[in-house]
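Below is one structure, written out as structure tokens; comments come after it.
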Amino acid sequence: MALLNLISTINHTLDYEMGRDDRVVVFGEDVGVEGGVFRATVGLQEKYGADRCFDTPLAEGAIVGMAVGMAINGLRPVAEIQFSGFMYPAYNQIVSHVARMRNRTRGRLHLPLVIRMPHGGGIRALEHHSESLETILGHIPGLKVVVPSTPYDAKGLLLSAIRDDDPVIFLEPSKIYRAFRQEVPEGDYTIPIGKAKVVQEGEAVTVVTWGAYVHETLKAAEQLANEGIDAEVIDLRTISPIDRDTIIKSVKKTGRFVVVHEAMKTYGPGAELIALVNEKAFLYLEAPPTRLTGFDITIPLPRGEHHYFLDSDRIAAGIRKVVNF
Amino acid sequence: MALLNLISTINHTLDYEMGRDDRVVVFGEDVGVEGGVFRATVGLQEKYGADRCFDTPLAEGAIVGMAVGMAINGLRPVAEIQFSGFMYPAYNQIVSHVARMRNRTRGRLHLPLVIRMPHGGGIRALEHHSESLETILGHIPGLKVVVPSTPYDAKGLLLSAIRDDDPVIFLEPSKIYRAFRQEVPEGDYTIPIGKAKVVQEGEAVTVVTWGAYVHETLKAAEQLANEGIDAEVIDLRTISPIDRDTIIKSVKKTGRFVVVHEAMKTYGPGAELIALVNEKAFLYLEAPPTRLTGFDITIPLPRGEHHYFLDSDRIAAGIRKVVNF
Amino acid sequence: MLIERFDPLKGEMLRIMDEEGQIIAPDLKPDLSDERVLELYKVMLLTRAADTKALQLQRQGRMLTYAPNTGQEAAQTASAAALGENDWLVPAFRELGAWLMKGVSLETIYLYWYGNEWGSHFPENVRMLPISIPIGSQLNHAVGLAMASKYKGERDVALGYVGDGGTSIGDFSEALNFAGVFDAPVIFVIQNNQYAISVKRQIQTRAATLAQKAVAAGIPGILVDGNDLLAVYAAVSEAVERARAGQGPTLIEAYTYRLGAHTTSDDPTKYREDNEVVEWRAKDPVKRVKQYLIAQGLWSEEQDAAQSTEYEEYALEVFRKIEETGDPQVEDLFKYTYKEMPEHLEEQLSEYLQYLEGKVK
Amino acid sequence: MLIERFDPLKGEMLRIMDEEGQIIAPDLKPDLSDERVLELYKVMLLTRAADTKALQLQRQGRMLTYAPNTGQEAAQTASAAALGENDWLVPAFRELGAWLMKGVSLETIYLYWYGNEWGSHFPENVRMLPISIPIGSQLNHAVGLAMASKYKGERDVALGYVGDGGTSIGDFSEALNFAGVFDAPVIFVIQNNQYAISVKRQIQTRAATLAQKAVAAGIPGILVDGNDLLAVYAAVSEAVERARAGQGPTLIEAYTYRLGAHTTSDDPTKYREDNEVVEWRAKDPVKRVKQYLIAQGLWSEEQDAAQSTEYEEYALEVFRKIEETGDPQVEDLFKYTYKEMPEHLEEQLSEYLQYLEGKVK
Ligand SMILES: Cc1ncc(C[n+]2csc(CCOP(=O)(O)OP(=O)(O)O)c2C)c(N)n1
Ligand SMILES: Cc1ncc(C[n+]2csc(CCOP(=O)(O)OP(=O)(O)O)c2C)c(N)n1
Ligand SMILES: [Mg+2]
Ligand SMILES: [Mg+2]
């Protein structure tokens, strides 16, 4: 066991899996010599050589496109996109090829590849460094989309992702890269993709969230607990495919539903979860299922970004409303 | 008045506005000499010259990027993307610049440009020619996204789009390009962006749809009318921003809500409308709001695509369930 | 080395066999026996027959949209012929001769154009990716295949195709650049057929040749007569050898012409003059090789006619089978989205099957 | 014409003033009075002072992420100086000298790096686009601006900047290609500062020069000493004149070096040797021009020191003002998404304002 933060866990996990499986190769911009702008890949080039961990020219489309070819020819590439806002140049590759190769060839080819990227805001960075991509990736059949919220989960989920025979987009909440440490076992363990986790049990209301917002939501739940409101908090962990059972079971128990996320509201990820709850648990609902989300604006530059985020106060206020409906 | 189908209406409208406003320029792949693979721009190069209607090299990102520069420097570009499936290479330009220039510059620059593209399936075409893009465009703040369902609407909406000071994505349901003709006034008229249209009044259930599916849904409504179920059918016309009032008013009247669309279900456009109805009319709901949508698969190649589409039977069956809930 | 002798910046083009099938550069003639030339020729003939038949069937409303290859058979067949069995072929969408050469069956190819995903399911031993419709995007896959091969210490190379239109999209430049930086064992073949749908090559780029685009990536480029089977074979073979020997990537522009329409949805009279087509018909790559083979005493007009007829009949027969069996299973539309079908897809499938059942009753 | 005299394929580089500020190619010296050189020099000095101050402030935790320019002042200032008032400047994100030259105030620039969108709101008469973070994407905007200018029959040109890293992304090639095809009056300036964050220029591309990437688009390219104010000015001026005269686009590689970190989040000791930095410090573009001006009797070390101090004080003063007023209005975060605020945004804004009010109470 080691006490690791999220970013060192990513580093440890890549190291672990590269050590175990020499089909795993890691690349992207500044990934090799420097070890990544966030230091996710630090030391890997020294340890495994420049043919297993290397820098690429600046071209996200080619990075992902190359990963496609490598995956077909027997490797398990783990590509890094430097920030989620620079995923867009690779979107054509992701939608048109990464997501479709298995279906297109009726199973003849498949793509065991992972695309990692820092995700979301909160690090006071420049424009395009704070994007939330859940919807535009989650909507695409053939992709799996994962967001860990803790170091422990990150290792288990990333190992699952690399070992998955389908492509996995691995969104890392950069806000909590260094926010806290946790005991992370040095050995092998996986956490299944597609399974949510009840991180706090409760009876009053079901609150689903993921990534950095899990922690803000748990804080809100603590506030509410002091008021006698016991919220059930679920960490979705996988954006796609959605763990419907865990959510629906909880809503059937609580009768109330709130989804909390950083992404923009309209056509955002929360909409899907509300539609799902309507489909599967409508008659159990005692209050309108509610979204607590980012505004429908471009996430502001650092001086304004705090307005965009939901802090635990705003989350608590939103949940309170649903409980008191 | 002339009896026009959808594609000739697009052609007529571009012609009309180019005649009226010489800031309007039209370009894209095969748009000039050939007049477009669907003939949307036929005759325009002859009439207005090759500096106003022209072919570009094959690069969607550059097409949209060039439009951005032109719009800043005083023109009103109307760019064509040959099929919605080839929007992806331009997605970076659309998200990172088209949608954001006004906000980024606090109003100093704005982008009066239109990006037109055929949209959706049903023309028995090759892979990537049948994509539904509502979610991944509608989720982006700063874009307006329009889908006409008739020739008459297409002219009014396209004129609004070209004259809008904000960027408009104009999705043209290729399935109905030549499906039917309608009287289209030769003169000037606009239809406001952001306003839905009640295409059939009814009391039993609110059904929202758009594009080619309006016609299938109206057929379903006819079947249902014979059974004594009078559905209210709303043509959304604008994917973003959503006309919330028209939808909510209707749901408050009918107490039941169905959304019908071709796009994939999960994280699809219907989810947003259901979340909206929950937020604004929860207490009026007498049955679970329901989605009738495409499956969560890549739209199949032509021999299988009919399985993907909803015909009026399936739509009627879905609505019936909600009404009989 | 050919790449040193033919500089695209000087407009030099590699030609070995002229328009009458005469060898004009005997010193450059590749190591290809006349028997092998005949084999390649037969693939060209089959390509043309399959094309002809597909167009007929399309006009009868039996085949869907189809992209014809007529005029480009040499560029296609010779380039694929230069590959070994374990080398990877990465298509764009107009390389019928190459696919047949690589060992894909006409059944499979017709099934693809018939509109069925099983048409992209090739046998294990055929190292070819499926058709890639998003122009240019496939070239980065070729780089990745090549990189993996190099990483594993194998000697297999990858060859990616693209059209003249495809050289304008960013993916093309990015792929060449990556290949250069990583010294990937990859060959890029541009089939410059002078048009991207209706857009003439001159509107695609101001560069005098497409081969010179290699300069941007610091890799060698060569321009070859794409209607000359021997020239294409020689250039691609050299590139394959170089790649296999660890000498990195090559860009090859095969200068050719699409004699037919872009696809069956296209009407080329809208954008090009007949006399241009007539001129290029004289350069027909099939005719050239035929004349060569006849001159070598290996072939005759009679054999040629008989063989063409046989191939057309074969193509029709293949298609008839597909018409009977080419419709997909509903389950197949869902089954291959992921390795295991997630619950929500199971649900969607079973609801739909139920609906279909109800409808039948 | 310079573009004919300096062929990047032969590795030729335009140099006019050497590292000691001596004119080594008097015949190529551009038409630039010494008084004007002094003006440009002052912009270079201000650039360096603003940089120095920004870094100090960042270390104090008062400024956010900042991208330093030290070492690249000549490439930036001289290229922008070659533009007329109505010409368009299209930045990437590391061209401080160019922005100041173009007339953007330091207030506005600091406000941008302070993290406020008003820092991208320039006055009507300053024809400059906002900073573009998505690498390479801005070059197509430059093409569009130029095309519109041409369409309207105006004589304004557009100049777009990009880094060495930015030459690898597809947008770069697409923009050059479009510019070539449409003969757009546009100039592309690569500031090759040898690094894209930590990635060395040699890993960015195998091309021997970046200027040669012009060959792919069939447009002229030229390599210039980017630390030579006169060389950059001469090359860009010629390109501007050509563009204005309807002779189309030019690609210019300004060969320079980033003496500082990529941004304040970056630690360059992780990826480069000190001695490399020392070597390049000797080529400092600011020092060169200073020596030149002193030699012309127009400037002195004393004046230089005084001017630098004055600029640093000015920069600090500017920043102090921003610290007081640089926080955004909540309304502004919503108001500029569309021309008119749609109902759902009105609702989100008013709910949030209500929440804030409740919090204050
Ligand atoms: C990214 C993208 N944009 C547009 C299209 C539509 N399209 C299909 S083929 C084609 C022209 C391709 O020209 P070229 O590369 O020369 O190949 P050819 O058809 O001549 O073989 C176009 C524009 C596409 N398939 N992909
Ligand atoms: C499309 C994209 N990918 C990645 C990044 C992250 N990033 C910011 S600057 C940079 C390096 C840019 O290098 P270069 O073009 O040489 O400019 P320089 O920083 O040297 O001025 C990278 C990778 C980005 N901004 N945009
Ligand atoms: Mg072509
Ligand atoms: Mg650089």
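Only this structure's heavy atoms are used, side chains among them; waters, hydrogens and symmetry mates stay out. Below, chains carry the letters A, B, ... as their sequence lines are ordered, and counting in each starts from 1.
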Original post:
Hey, which of C:Leu9, C:Leu210, C:Asp171, C:Asp183 has the most heavy atom pairs under 4.5 Å with chain D?
Top reply: C:Asp183
Subject >> Heavy-atom closest contact (D:Ala216 atom, C:Ala216 atom, distance) >> reply: CB-CB, 3.7 Å
**OP:** State whether the number of non-hydrogen atoms from other residues, nucleotides or ligands found under 6.0 Å of C:Gln202 atom CD is greater than 12.
**Re:** yes
Subject >> Part of D:Pro249 lying under 4.5 Å from any heavy atom of chain C >> reply: side chain
Original post:
Taking atom CD1 of D:Ile203 and atom CZ of C:Phe182, what is their separation to the nearest 0.5 Å?
Top reply: 8.0 Å
Original post:
Among C:Thr167, C:Thr209, C:Ile169, who wins on heavy-atom pairs under 4.5 Å with chain D?
Top reply: C:Ile169
Subject >> Atom NZ of C:Lys10 with >12 non-hydrogen neighbours under 6.0 angstrom >> reply: no
Subject >> Between CD on residue C:Glu174 and CD on residue D:Glu174, distance to nearest 0.5 Å >> reply: 8.0 Å
**OP:** Specify which of C:Ala175, C:Ser173, C:Ser168 makes the most heavy-atom pairs with chain D at under 4.5 Å.
**Re:** C:Ser168
Subject >> Heavy-atom pair with the smallest gap, counting every atom of C:Asn177 and D:Gln204 >> reply: ND2-O, 2.8 Å
**OP:** Answer with side chain, backbone, both or neither: which region of C:Ala208 has an atom nearer than 4.5 Å to a non-hydrogen atom of chain D?
**Re:** neither
